[in-house]
There are 2 protein chains.
Amino acid sequence: MQSMPSRRHVIANDIRHKISTGRIKAGERLPSEAQLATRYEVATPTLRSALAVLQSEGLVEKIHGKGNFVRYPRRRVTYVGGGHALRTESSTESGIRVSVHITNLQAHGQLIGLLGVPAGSPLTEFLCLSHEGKSPHSLARIYVPRDLSPTGVAAESHCCKSVEAKLAELRPPLTEVLERVTARPPTHEEAATLRISSTLAVLAITRVAADSTGRVVEAALLVLPSDRADVCFTTHHMTDERTSG
Amino acid sequence: MQSMPSRRHVIANDIRHKISTGRIKAGERLPSEAQLATRYEVATPTLRSALAVLQSEGLVEKIHGKGNFVRYPRRRVTYVGGGHALRTESSTESGIRVSVHITNLQAHGQLIGLLGVPAGSPLTEFLCLSHEGKSPHSLARIYVPRDLSPTGVAAESHCCKSVEAKLAELRPPLTEVLERVTARPPTHEEAATLRISSTLAVLAITRVAADSTGRVVEAALLVLPSDRADVCFTTHHMTDERTSG
DNA sequence: GAGTGGTCTAGACCACGAG
DNA sequence: TCGTGGTCTAGACCACTCA
């Protein structure tokens with residue numbers, strides 16, 4: 001398998017080594033692809049495929065018309081499931097800022113099934129984009145039935161925690177949280193928003209939370225790039241509550 | 001973004017359409033890349049990049065020296081977390097067979113940390129490879145301290161459920177299950193074993209289960225190709241047990 | 001306009017699989 | 001041996017960014 005090291009892998013390994021040893025620093029631009037191709041004595045498509053390896057590892061970011069840049073190492077963030085910490089656990093202390101855009105809309109598509117509401121019923125969308133420094137980090141779309149929506153949260157709010165707090169105050173305690181995790185390539189829009197290559201998979205989490213009456217009070221679609229996020233669940237079993245395998 | 005449809009996407013869309021409408025059936029071989037390149041009037045690298053799109057979607061499988069084949073649609077399978085169903089929920093009724101290979105080994109690497117045992121302590125590995133028809137489906141490596149290992153399970157056992165059953169009998173009830181889900185490209189070995197392209201992400205689940213004494217009785221490394229698996233968690237909150245967000 | 005990456009061409013040669 | 005895919009070349013032309 002890896003017995004035949006192709007040139008692109010040799011080149012990718014060399015550049016990766018230069019990055020990890022600090023000979024090329026985070027934020028710096030690599031030499032142009034033409035220069036690199038000359039230096040490594042390969043044709044441009046070969047060199048580009050080497051860079052593609054590094055892109056898919058999240059080490060290098062290509063910007064059309066500008067060049068290839070060494071990415072700042074992203075803090076790896078853990079999403080904790082179960083409805084306890086609704087945001088990533090380290091967001092409070094890691095310099096991650098969240099901007100929120102609030103929109104009113106009507107239920108359509110998969111939202112109808114997730115929220116269990118009729119098509120067209122009024123919803124509020126909270127579009128949360130978190131940033132680490134200047135770079136986009138992850139994406140969340142939270143949908144709440146309009147009558148549960150915290151009207152007191154200003155649309156210009158730029159702290160997702162305030163939204164979460166308001167939501168938590170308004171509604172009864174959650175009794176059931178269902179979370180479905182898939183991995184898929186990002187859509188074009190997601191790749192552009194998060195500035196990731198379309199070859200880097202994202203973890204897509206669909207979260208549905210219900211209150212004690214069984215009413216779904218929130219549906220959330222989370223998109224976490226796989227190079228900087230993982231998902232963690234802890235399940236405690238009461239010894240008498242245990243369900244047989 | 002998608003305003004400029006590149007040729008490879010046009011070609012990929014065309015072939016995808018022919019597959020989804022049944023004009024090319026599952027298991028069939030596509031015309032050779034040279035023939036396709038001629039038919040679509042593109043050069044071979046362009047055609048190959050079109051096929052790469054379909055590979056990354058799991059629609060087409062390349063076999064070196066033989067050709068490109070339309071893959072049989074894989075049953076999408078849901079891994080249910082929380083330690084209730086230790087295997088995929090639909091494995092009992094979907095014709096998925098599991099072969100198990102049992103090995104004794106000593107704790108090393110990440111297993112030390114996961115199981116909380118000293119380096120070199122005796123473990124038993126259950127290497128489970130599930131098949132759907134003739135095709136490999138997913139991969140699991142389960143590690144158990146040797147003294148908890150069910151010696152009664154024959155190494156030639158080819159039903160993973162029997163292993164799970166033996167394990168469940170032997171040990172005390174699990175009280176805490178921790179599951180970490182990440183998405184990453186498969187290793188070369190995993191890609192070869194599962195016959196997936198190295199561009200298709202896998203869901204990697206690390207599961208650690210402890211009994212009531214806090215002893216870790218099992219660590220499992222699961223590898224689920226993202227085109228055929230998702231992961232689902234349900235959390236129930238006692239109203240008095242609720243943790244604040 | 002100068003420099004960058006994005007896409008594509010029309011070949012060449014190598015490695016794998018089956019007969 | 002032959003047909004397959006795997007890799008690579010040396011260029012061409014287009015699109016984007018920035019001065």
Side-chain angles (χ1 to χ4, degrees), chain A residues 1-15 24 27-56 59-71 134 185 188 191-192 195-200, chain B residues 1-15 24 27-56 59-71 134 185 188 191-192 195-200:
Chain A
M1 270 305 164
Q2 56 271 60
S3 52
M4 210 222 32
S6 55
R7 298 195 196 197
R8 67 160 166 276
H9 287 124
V10 173
I11 297 171
N13 289 339
D14 187 68
I15 297 178
I24 316 178
E28 274 185 23
R29 210 203 74 179
L30 297 180
S32 76
E33 298 186 349
Q35 288 174 317
L36 288 171
T38 304
R39 177 184 310 176
Y40 287 110
E41 297 179 316
V42 294
T44 49
T46 305
L47 185 108
R48 286 169 52 70
S49 73
L51 291 179
V53 174
L54 301 174
Q55 286 171 70
S56 71
L59 280 175
V60 164
E61 175 180 354
K62 270 177 130 66
I63 304 181
H64 191 159
K66 296 180 71 174
N68 292 275
F69 295 83
V70 179
R71 286 181 37 170
K134 288 179 295 187
H188 290 284
R195 301 234 302 270
I196 57 178
S197 90
S198 54
T199 62
L200 174 70
Chain B
M1 271 304 165
Q2 56 272 58
S3 54
M4 210 223 29
S6 56
R7 297 196 196 196
R8 67 159 166 277
H9 287 125
V10 173
I11 296 171
N13 289 339
D14 186 69
I15 297 178
I24 315 178
E28 276 185 23
R29 211 204 73 177
L30 297 180
S32 76
E33 298 187 347
Q35 288 174 317
L36 287 171
T38 304
R39 178 183 310 176
Y40 287 109
E41 297 180 317
V42 293
T44 49
T46 305
L47 185 110
R48 286 169 53 69
S49 72
L51 290 179
V53 174
L54 301 174
Q55 284 171 73
S56 72
L59 281 175
V60 164
E61 176 179 355
K62 268 178 134 63
I63 303 181
H64 192 157
K66 295 180 71 175
N68 292 275
F69 295 82
V70 178
R71 283 180 38 170
K134 288 179 296 186
H188 290 284
R195 299 234 303 271
I196 57 178
S197 89
S198 54
T199 62
L200 174 70

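Lettering of chains follows the sequences in order, A, B, ..., and the numbering in each one begins at 1. Quick note: numbers below take in every heavy atom, side chains included, and nothing from hydrogens, waters or symmetry partners.
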Approximate separation, where rounding is to 0.5 Å, of [X] [atom1] and [Y] [atom2]:
| X | Y | atom1 | atom2 | value |
| --- | --- | --- | --- | --- |
| B:Thr46 | B:Leu51 | OG1 | CG | 11.0 Å |
| A:Leu47 | A:Gln35 | CG | CD | 11.0 Å |
| A:Thr199 | B:Leu200 | OG1 | CG | 12.5 Å |

Out of [options], whichever nucleotide has its closest atom nearest the side chain of [X]:
| X | options | answer |
| --- | --- | --- |
| B:Ser6 | D:dT9, C:dT4, C:dT7 | C:dT7 |
| A:Lys62 | C:dC16, C:dC8, C:dG5 | C:dG5 |
| B:Ser32 | D:dC8, D:dG5, C:dG5 | D:dG5 |
| B:Arg7 | C:dT7, D:dT7, C:dT9 | C:dT9 |
| A:Thr46 | C:dT4, D:dC8, D:dG11 | D:dC8 |
| A:Val42 | D:dG5, D:dC16, D:dT9 | D:dT9 |
| A:Arg8 | D:dT7, C:dT4, C:dC8 | D:dT7 |

Once side chain to side chain donor-acceptor pair (under 3.5 Å) is applied, do any residues pair with A:Glu33, and if so which ones, sequence neighbours excluded?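 Applying side chain to side chain donor-acceptor pair (under 3.5 Å) to A:Glu33 gives A:Arg48, A:Lys62, A:Asn68.
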Could you tell me whether the phosphate oxygens of [N], OP1 or OP2, come under 4.0 Å of any side-chain nitrogen or oxygen in [X]?
| X | N | value |
| --- | --- | --- |
| A:Asn68 | C:dT4 | no |
| B:Arg48 | D:dG5 | no |
| B:Lys66 | D:dG3 | no |

Are B:Arg71 and B:Ile196 side-chain neighbours, meaning at least one heavy-atom pair lies under 4.5 Å?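 B:Arg71 reaches B:Ile196 side chain to side chain.
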Show, in sequence, the C-alpha distance, side-chain angles and deciding distance for B:Leu30 and B:Ile24, and conclude whether the side chain to side chain contact (heavy atoms under 4.5 Å, CB included) test is met. CA-CA 8 Å; B:Leu30 297 180; B:Ile24 315 178; 3.6 Å; yes
For atom [atom1] of [X] and atom [atom2] of [N], their distance in whole Å:
| X | N | atom1 | atom2 | answer |
| --- | --- | --- | --- | --- |
| A:Tyr40 | D:dT9 | OH | C1' | 19 Å |
| A:Ile63 | C:dG3 | CD1 | C1' | 15 Å |
| A:Glu33 | D:dA15 | CD | C1' | 14 Å |
| B:Phe69 | C:dC16 | CZ | P | 18 Å |
| A:Leu47 | D:dT7 | CG | P | 16 Å |
| B:His64 | C:dC16 | NE2 | C1' | 4 Å |
| B:Leu36 | C:dT9 | CG | C1' | 17 Å |
| A:Gln55 | C:dG5 | CD | P | 11 Å |

Across the strands shown, which category fits A:Glu41 at heavy-atom distances under 4.0 angstrom: base, sugar-phosphate, nothing?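 The answer is sugar-phosphate, as A:Glu41 gets under 4.0 Å only of primed atoms, P, OP1 or OP2.
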Using a heavy-atom cut-off of 4.0 Å across all strands, would you classify B:Ser49 as base, sugar-phosphate, or nothing? nothing
Assuming nearest nucleotide by heavy-atom distance, tell me which of B:Pro45 and B:Arg29 is located more 5' along DNA chain D. B:Arg29
Yes or no on side chain to side chain contact (heavy atoms under 4.5 Å, CB included) for B:Leu59 and B:Val70, after CA distance, side-chain angles and deciding distance? CA-CA 6 Å; B:Leu59 281 175; B:Val70 178; over 6 Å; no
Pairing string of DNA chain C (Watson-Crick or G-U wobble, both atom distances under 3.5 Å; | = paired to other strand) is ||||||||||||||||||.
Between the main-chain N or O of A:Val10 and the side-chain N or O of A:Asp14, is there a donor-acceptor pair closer than 3.5 Å? no
